[in-house]
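Below: the structure, in C-alpha cells.
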Amino acid sequence: MKLALSPDEVKFRDELREFYRTKIPAEIRDRVKYGLELSRDDIVTTHRILNENGLAVPKWPVAWGGRDWTPMQRHIWEDEMQLASVPEPLTFNAQMIGPVIAQFGSEELKQRFLPPTANLDIWWCQGFSEPDAGSDLASLRTTAVRDGDSYIVNGQKIWTTLAQYADWIFCLVRTDPNAKKQAGISMLLFDVNTPGVTIRPIKLIDGHHEVNEVFFENVRVPADQLVGEENMGWTYAKFLLGNERTGITGVGRTKVKLGVAKEYAAQIRSGSGTLLEDPVFATRVAEIENELLALELTLMRVISNSSDGKPNPASSVLKLRGSELQQAATELLLDIAGPDALPVNAGDIASPGWAQRSGPGYLNYRKTTIYGGSSEVQRTIIASTILGL
C-alpha cells in the first residue's frame, strides 16, 4: 500500500497545479470558489481549454482523446482541479455518454459523436429519471416503437439537469413492453430540438433553475442513433452510472469550502476577537478537517489498490462520508452567515453577498446524499459487502 506520492507523481501534480492556476481564467475559478453561478459560456470555455490540452476526457480510450494514466494520476488530475476551483469537464459528456459510446457504440456513432462530445461542441443531457421511476429506472415507461428506419418516442423525463443548455439527449426508452423490466430497455440519442420535444424548467428550493422536465410527443428518432443493440440499454445504463459515481467523494471541493468558511469567519467579530478564534467554532472546524483527512486517506488506499480495475466496495464509504462532509461544510458556511443568510434587505443595510449565497448553497447540497446512490443504499452495501451482515 502506497499513500505517499512518488517523485514522478509530485512532478505530475505540480505541472497540473500550474496549468489550472494559469490557463483557466481567474474570474471563472473565483465564481466556483465562492459559490457564484456559472454561465453556459463559463463551462464551455473551461471545458474546451481542458480538451485542447488533453485534460477533458483522460479516462476515455486513448484513440478518442484519453490518456494512458495510472489510477493515481487520474486522481491527481481530478483532485488538483477541485483544489484550484476549476469547473470540471461537463459530466454528461466526459463521464457519462462519451464512455458509453466509446465502449458500446458502432464505429459510425464513435466517429460522429465522440470528437464533438469531447470538445463540448455537443452539450448532452441525461434522459433517465421519470415521475414514477426515479431511482427505479427499470420501471420507466417512456416508449420507443420502431417505424421503418425510425423510432417513435412518447413519454416524459424529469429532473433532467441543465437540459435548458443541452443540444442532444441520451435517453432510456422501453422498446419491448413484453420483456421483463430490465430486458426491454434501449438507449437512443437525439437532438432536443427535434419536433415533439418540450423542455420545461423546474424551480428548485434554492431559487435556481438547474433541472427540468422533458416531454416527448411522437418524436421521430433515426434508428441509426440507437446505442449498441436494441433492448440492451440496461447494460449500458449500469456502465454509465458506474462512471457517474467516480469522483463523487469531492475531497478537494470540501477543502475549498472549508478554506472559504475560515476566510469569512475571520471577518466576523466574536467577543474580543473573531469567530475564527472562538474555541467552540475552532473545535468544530477541526473536527470536520480531521474527518476529511481520514476520508482522504481512505480514498488513497482505495486508489492504491485499484490497479486491477475491479470495483471496490469501499467506494460506498467514500460516497457516504464524502457527501456528508460536503453538507457539513455548507452547513458551516450557513451558520457563519447567521441571520445574514436570509435574502432580505433591512432599509439601507444589505446582507453580504456571500452570506445570502450560503442559504441556497446549503439547500442545494442536501442532494449530495441522494444522487449517485443514496446514503441508505450505501449503508446497505457497506453492511452486506464489507461487514458481511
Side-chain angles (χ1 to χ4, degrees), residues 4-60 65-67 69-95 118-120 162 246-264 266 285 288-289 292-293 295-297 299-300 303 318 322-323 325-326 328-330 332-333 353-354 357-358 361 364-365 368:
L5 298 182
S6 69
D8 286 343
E9 289 167 345
V10 170
K11 181 181 178 182
F12 179 78
R13 180 202 65 190
D14 292 344
E15 289 173 351
L16 283 175
R17 187 172 291 179
E18 175 70 12
F19 176 87
Y20 290 145
R21 286 165 171 77
T22 59
K23 301 301 182 183
I24 306 301
E27 60 271 19
I28 294 178
R29 293 191 296 109
D30 281 347
R31 282 195 278 276
V32 174
K33 180 178 180 180
Y34 293 107
L36 296 169
E37 189 170 359
L38 294 176
S39 69
R40 188 184 196 278
D41 286 344
D42 288 338
I43 296 170
V44 171
T45 295
T46 302
H47 189 113
R48 288 179 178 166
I49 292 173
L50 294 172
N51 190 56
E52 183 181 354
N53 291 272
L55 297 173
V57 292
K59 299 178 184 180
W60 287 17
R67 305 290 289 270
W69 284 347
T70 65
M72 184 58 71
Q73 285 176 309
R74 290 197 293 268
H75 165 70
I76 293 170
W77 161 78
E78 189 168 51
D79 191 52
E80 289 299 325
M81 192 183 308
Q82 293 177 3
L83 289 171
S85 298
V86 172
E88 296 172 48
L90 187 66
T91 298
F92 313 111
N93 289 41
Q95 301 275 27
N119 199 48
L120 200 47
L162 301 183
T246 61
I248 210 167
T249 310
V251 170
R253 286 191 295 269
T254 304
K255 285 183 178 180
V256 171
K257 288 190 179 298
L258 283 176
V260 171
K262 290 180 179 180
E263 179 183 329
Y264 292 150
V285 172
I288 298 176
E289 288 179 328
L292 190 60
L293 176 59
L295 178 66
E296 185 173 23
L297 291 174
L299 174 61
M300 296 289 279
I303 293 168
L318 300 179
S323 57
L325 289 175
Q326 290 174 51
T330 58
L332 187 67
L333 283 164
W354 70 264
R357 290 192 299 273
S358 66
N364 186 275
Y365 266 77
T368 62

Problem - pair Ile49-Pro25: side-chain heavy atoms closer than 4.5 Å - result: yes
Problem - Rounded distance (nearest 0.5 Å) linking atom CG of Leu332 with atom OG1 of Thr254 - result: 11.5 Å
Problem - Minimum heavy-atom distance between Gly322 and Leu295, given as atom pair plus value - result: CA-CD2, 3.6 Å
Practice task
Considering non-hydrogen atoms only, spot the tightest contact between Trp77 and Pro89 and give its length.
Solution key: CZ2-CG, 4.1 Å
Exercise for the section: Kindly compute the distance separating CD (Glu80) from CD (Glu18), expressed to the nearest 0.5 Å. Expected result: 11.5 Å
Practice task
Without swapping roles, check the side chain of Asp42 against the backbone of Ser39 for a donor-acceptor pair under 3.5 Å.
Solution key: yes
Problem - Considering all heavy atoms, the nearest Pro58-Ala56 contact - result: CD-C, 3.3 Å
Handout entry: Separation of Glu88 CD from Gln82 CD (nearest 0.5 Å)
Key = 4.5 Å
Handout entry: Separation between CZ of Arg357 and OG1 of Thr330, rounded to the nearest 0.5 Å
Key = 14.5 Å
Practice task
Test Arg48 against every option in Asn119, Ile43, Asn53 by the side-chain contact (heavy atoms from CB on, under 4.5 Å) rule and name the one that passes.
Solution key: Asn119
Handout entry: Basic-acidic side-chain contact under 4.0 Å: Lys23, Glu52
Key = no
Exercise for the section: Specify the closest pair of heavy atoms between Ser85 and Val256, including all atoms of both residues, with the distance to one decimal. Expected result: OG-CG1, 3.7 Å
Practice task
Apply the test side-chain contact (heavy atoms from CB on, under 4.5 Å) to residues Leu16 and Leu55: give CA-CA distance (whole Å), side-chain angles for both, the deciding distance (0.1 Å), then the verdict.
Solution key: CA-CA 9 Å; Leu16 283 175; Leu55 297 173; 3.8 Å; yes
Practice task
Find out whether Leu50 and Phe19 are in side-chain contact, i.e. whether some heavy atom of one side chain is under 4.5 Å from a heavy atom of the other.
Solution key: yes
Completion exercise
All heavy atoms of Leu333 vs all of Ala261, minimum pair found to be CD2-CA, 3.6 Å
Practice task
Evaluate the side-chain proximity of Leu36 to Trp354: yes if any heavy-atom separation is below 4.5 Å, no if none is.
Solution key: no
Practice task
Determine the interplanar angle of the Tyr264 and Tyr34 rings, folded into 0 to 90°, and report it as parallel if under 30°, tilted if 30 to 60°, perpendicular if over 60°.
Solution key: tilted
Practice task
List the steps, then state whether side-chain contact (heavy atoms from CB on, under 4.5 Å) holds for Leu38 with Ile28.
Solution key: CA-CA 8 Å; Leu38 294 176; Ile28 294 178; 4.3 Å; yes
Exercise for the section: Would you indicate whether the side-chain heavy atoms of Leu5 and Ile76 approach each other to under 4.5 Å? Expected result: yes
Handout entry: Side-chain donor/acceptor of Arg253 to backbone N/O of Gln326, under 3.5 Å
Key = no
Exercise for the section: Kindly compute the distance separating NZ (Lys255) from CG (Leu325), expressed to the nearest 0.5 Å. Expected result: 12.0 Å
Handout entry: Whether Trp69 side chain and Lys59 backbone form a donor-acceptor pair below 3.5 Å
Key = no
Exercise for the section: Measure across His75 and Leu299 and return the closest heavy-atom pair with its distance rounded to 0.1 Å. Expected result: CE1-CD2, 3.4 Å
Practice task
Quick one: pull up CG in Leu120 and CG in Asn93 and give me the separation to the nearest 0.5 Å.
Solution key: 5.0 Å
Practice task
Using atom types as modelled and distance alone, determine if a side-chain donor or acceptor of His47 lies under 3.5 Å from a backbone N or O of Ala118.
Solution key: yes
